[in-house]
Amino acid sequence: MTVRTRYAPSPTGYLHIGGAWMAFFNWLFARNHVGAFVLRVEDTDRTRSSEEYERAIFEDFKWLGLDWDEGPDVGGPYGPYRQTERMHLYRKYAEELLAREAAYYCYCTPEELDAERARAQAEKRPYRYSGRCRALTAQQRAEFERQGRRPTIRLRVHDYGETIVVDDLVRGRVEFDPEHLDDYIIVRSDGSPLYNFANVVDDHTMAITHIIRGIEHLSNTPKQWVMYRALGWEPPQVAHLSNILGSDKKKLSKRTGDTAVRDYKKEGFIPEALLNFFALMAWYPEENREIFSVRELVEKFRIEDLGKASPVFDTAKLTWMNGVYMREMLNREPERVVEACLEPLRSAGLLDGQVTPETRDYIRRVIGTSSSKTGLSMSRRPPAATSAIPPSARSWRPCRSG
RNA sequence: GCCCCCAUCGUCUAGCCCGGCCUAGGACACCGGCCCUUCAAGCCGGACGCGCGGGUUCAAAUCCCGCUGGGGGCACCA
């Protein structure tokens, strides 16, 4: 069986560092196994999703150097790759579940459910759906329909008495007592699928074999496992990773650093450095070594080696690593270093107007000069007017190459 | 409230599964020195850690239990 992994972004914003990190490991795993990496767009939240963000996310992936074998833009044998275009599939499997009586219509209104929840809270007992609609007669249903109630569809999980086992590839065996699960809604009253349902249907119909995702999904997993069972499907292998933290040890937020991948591009970071850094936030391919090419990472990747703890995103180390890459790149592909410096120089007010070949050449000479002092660059590089470099250009971090 | 996950230097981590080779290794950051007109870079050196408490054992960072701390989940969000 060929390995197939996926990353499923919601096009509601730019690619987030945390998302890119997760996507990267899925990509690494697929590439390591010579499998397929697919991009699936989860755009069911129509009010917040936009095509513009979808395009932006693809751009961010391309910049990072993470390529995908299947996706909304390139197509593939398991399409379509946007959830909004897969409604017929969700409908089909919802009907199948209904026919098997593994799911049922629930006519409870949101208000009624809120009341149930409030009551549970007042009595200090954990809330679980009462199951009022689990066994409605045809007459009862007809009566609700007459009242104009639009039903949701719930998955019947209460009868599932055995312990649900999730064999997590990085965490090991995790057990869940179904006592804590209840019949959850899989289709809204307007007919649209909910995450846990759409996700299972998509992963299965897209033949996804391995999923590396955030720890927040670990608690969802037993719910999904029940669904796989109800549908008679084999669940994929899963691995849950803790989320990246900011320097304040809280979930990564704008306050402690940039959260969008494109911000790092704007600041002059080299994508290979970012990927190298990403890897080290969960895994050290070899002892006593920090710098790994993407190719090496692909070769050495082992899902079981991923760490379980939440890493703090250390911008200082990333900056150091970026410097290592830039200095190295100066010899091989100086143009790329110049390219990376363009946006930062512009936002620092040191570059305006058109970027001409002369500008690029000048930047290149400046970088080359300061780098020649490091001894890393060739001494045959013609000396340039170092004094002409504005001080701020030399103290500016990510591009500071020497 | 209930359920689940996690825990080694300030930070990323190696070691943990298969206890002794760990007086716990590397890297970033930090401090000091060398180099240098200066600043970086580079080189050399330094300080810094197994959350706590019980076990098990001749021996525990490593195994077991409890605690504490952090994170996540319990939606007609994803």
Side-chain angles (χ1 to χ4, degrees), chain A residues 8-10 12 42-45 47-49 83 106 108-111 113-114 117 120-129 150-154 166 168 170-172 174-182 184-199 213-223 240-245 247 249-251 277-291 304-305 307-321 323-324 326-327 370-377 386 389 391 394-397 400-402:
Chain A
S10 290
T12 55
E42 304 211 330
D43 57 349
T44 48
D45 186 345
T47 54
R48 293 194 302 144
S49 300
Q83 286 191 327
C106 173
C108 298
T109 62
E111 294 71 34
L113 297 173
D114 285 346
R117 244 187 299 273
Q121 191 157 27
E123 292 168 23
K124 292 193 169 178
R125 62 186 160 76
Y127 170 73
R128 294 176 65 210
Y129 172 60
R150 295 263 61 105
T152 58
I153 299 175
R154 281 184 190 269
V166 175
D168 190 292
V170 333
R171 274 157 222 281
V174 184
E175 296 184 353
F176 294 89
D177 186 340
E179 274 301 298
H180 305 291
L181 261 43
D182 67 356
Y184 67 100
I185 296 173
I186 61 174
V187 178
R188 293 188 185 88
S189 48
D190 69 359
S192 60
L194 255 56
Y195 172 77
N196 277 121
F197 178 50
N199 214 255
R213 73 215 313 190
I215 189 72
E216 65 272 20
H217 294 290
L218 182 56
S219 302
N220 281 326
T221 312
K223 287 184 173 185
H240 293 92
L241 260 47
S242 296
N243 294 114
I244 301 176
L245 267 28
S247 50
K249 294 263 198 170
K250 300 244 175 69
K251 205 169 158 193
F277 180 70
F278 273 174
L280 265 37
M281 274 197 295
W283 161 59
Y284 268 66
E286 256 179 52
E287 258 187 76
N288 305 346
R289 217 182 121 193
E290 314 287 320
I291 306 297
E304 317 82 72
D305 291 341
K308 300 190 252 262
S310 319
V312 170
F313 194 87
D314 184 1
T315 317
K317 185 154 183 173
L318 205 212
T319 303
W320 161 77
M321 189 168 276
V324 173
M326 281 191 152
R327 268 169 251 129
S370 43
S371 132
S372 71
K373 297 185 188 179
T374 70
L376 281 166
S377 183
T386 315
I389 308 165
R394 279 187 276 169
S395 60
W396 165 70
R397 306 276 287 176
R400 183 206 280 163
S401 54

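In what follows, chains are A, B, ... by sequence order, proteins preceding strands, each numbered from 1.
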- Query: Taking the same atom, P, in rC67(B) and in rC5(B), what whole-Å distance lies between them?
  - Reply: 14 Å
- Item | Donor-acceptor pair (no angle test) under 3.5 Å: Lys317(A) side chain, rA27(B) base | yes
- Item | Lys249(A) side chain near rU11(B) phosphate (N/O to OP1/OP2, under 4.0 Å) | yes
- Message: For Tyr129(A), is there any backbone N or O sitting under 3.5 Å from a side-chain donor or acceptor partner on Asp182(A)?
- Response: yes
- Note on the structure: Between CD of Glu290(A) and C1' of rG26(B) the distance, given in whole Å, is 6 Å
- Message: Please classify the nucleic acid contact of Asn220(A) as base, sugar-phosphate, or nothing, using heavy-atom distances under 4.0 Å.
- Response: base
- Message: Looking at His240(A), is its backbone amide N or carbonyl O close enough to the side chain of Arg171(A) to form a donor-acceptor pair, meaning the two atoms are under 3.5 Å apart?
- Response: yes
- Scan Thr152(A) against the nucleic acid and name what it touches under 4.0 Å (heavy atoms): base, sugar-phosphate only, or nothing. base
- Message: Applying a 4.0 Å non-hydrogen cut-off, can you work out what Cys106(A) is touching in the nucleic acid: base, sugar-phosphate, or nothing?
- Response: nothing
- Message: Closest approach to the side chain of His180(A), judged atom by atom: which nucleotide of rC12(B), rC76(B), rC3(B) is it?
- Response: rC3(B)
- Base, sugar-phosphate, or nothing for Glu216(A), non-hydrogen atoms under 4.0 angstrom? sugar-phosphate
- Kindly say whether, by distance alone, the side chain of Tyr284(A) makes a donor-acceptor pair under 3.5 Å with the base of rG26(B)? yes
- Tell me: CG of Leu241(A) to C1' of rC4(B), nearest whole Å? 16 Å
- If you look at every strand shown and take non-hydrogen atoms under 4.0 Å, does Pro311(A) touch a base, only sugar-phosphate, or nothing? sugar-phosphate
- Query: So does Thr44(A) get a side-chain nitrogen or oxygen closer than 4.0 Å to the phosphate oxygens (OP1/OP2) of rA78(B)?
  - Reply: yes
- Message: When the P atoms of rG72(B) and rC28(B) are compared, how many Å lie between them, rounded to an integer?
- Response: 31 Å
- Candidates rA78(B), rC12(B), rC4(B) - which lies nearest the side chain of Leu280(A): rC12(B)
- Message: Is Arg117(A) close enough to rA75(B) that one of its side-chain N or O atoms is under 4.0 Å from OP1 or OP2 there?
- Response: yes
- Task: Verify, without hydrogens or angle tests, whether Arg150(A) (side chain) and Gly191(A) (backbone) share a donor-acceptor contact under 3.5 angstrom.
- Result: no
- Under 4.0 Å between any heavy atoms, over every strand shown, what does Ala198(A) touch: base, sugar-phosphate, or nothing? Just pick one. nothing
- Task: In whole angstrom, give me the gap between the P atoms of rU62(B) and rG19(B).
- Result: 12 Å
- Item | Nearest listed nucleotide, side chain of Arg327(A), among rA41(B), rC77(B), rG25(B) | rA41(B)
- Gln83(A) backbone acceptor or donor facing Asp43(A) side chain under 3.5 Å: yes
- Item | Same-atom distance (C1') from rC74(B) to rU13(B), integer angstrom | 33 Å
- Message: Given rA75(B), rG1(B), rA27(B), identify the nucleotide with an atom nearest to the side chain of Tyr127(A).
- Response: rA75(B)
- Query: Expressed in angstrom and rounded to an integer, what is the separation of Arg128(A) atom CZ from rC3(B) atom C1'?
  - Reply: 12 Å
- Task: Can you tell me, in whole Å, how much space there is between the C1' of rA40(B) and that of rA29(B)?
- Result: 16 Å
- Item | Between rU23(B) and rC34(B) - C1' atom distance, rounded Å | 30 Å
- Under 3.5 Å donor-acceptor, Arg128(A) side chain and His180(A) backbone: no
- Below 4.0 Å: OP1/OP2 of rC77(B) and any side-chain N or O of Arg188(A): yes
- Message: For a quick check of understanding: with a heavy-atom distance under 4.0 Å over all strands, which category does His217(A) fall into, base, sugar-phosphate or nothing?
- Response: base
- Query: What's the shortest heavy-atom distance between Leu245(A) and Ser310(A), and which atoms?
  - Reply: CD2-CB, 3.6 Å
- Query: Start at the 5' end of RNA chain B and walk down; is the nucleotide closest to Lys251(A) or to Ser242(A) reached first?
  - Reply: Ser242(A)
- Query: Any donor-acceptor pair under 3.5 Å between the side chain of Ser189(A) and the base of rC76(B)?
  - Reply: yes
- Task: Give the C-alpha distance, both sets of side-chain angles, the deciding distance and a yes or no for side-chain contact (heavy atoms from CB on, under 4.5 Å) between Met281(A) and Phe313(A).
- Result: CA-CA 8 Å; Met281(A) 274 197 295; Phe313(A) 194 87; 3.8 Å; yes
- Task: Mind checking Phe176(A) for me? I need base, sugar-phosphate or nothing, with any heavy atom below 4.0 Å counting as a touch.
- Result: sugar-phosphate
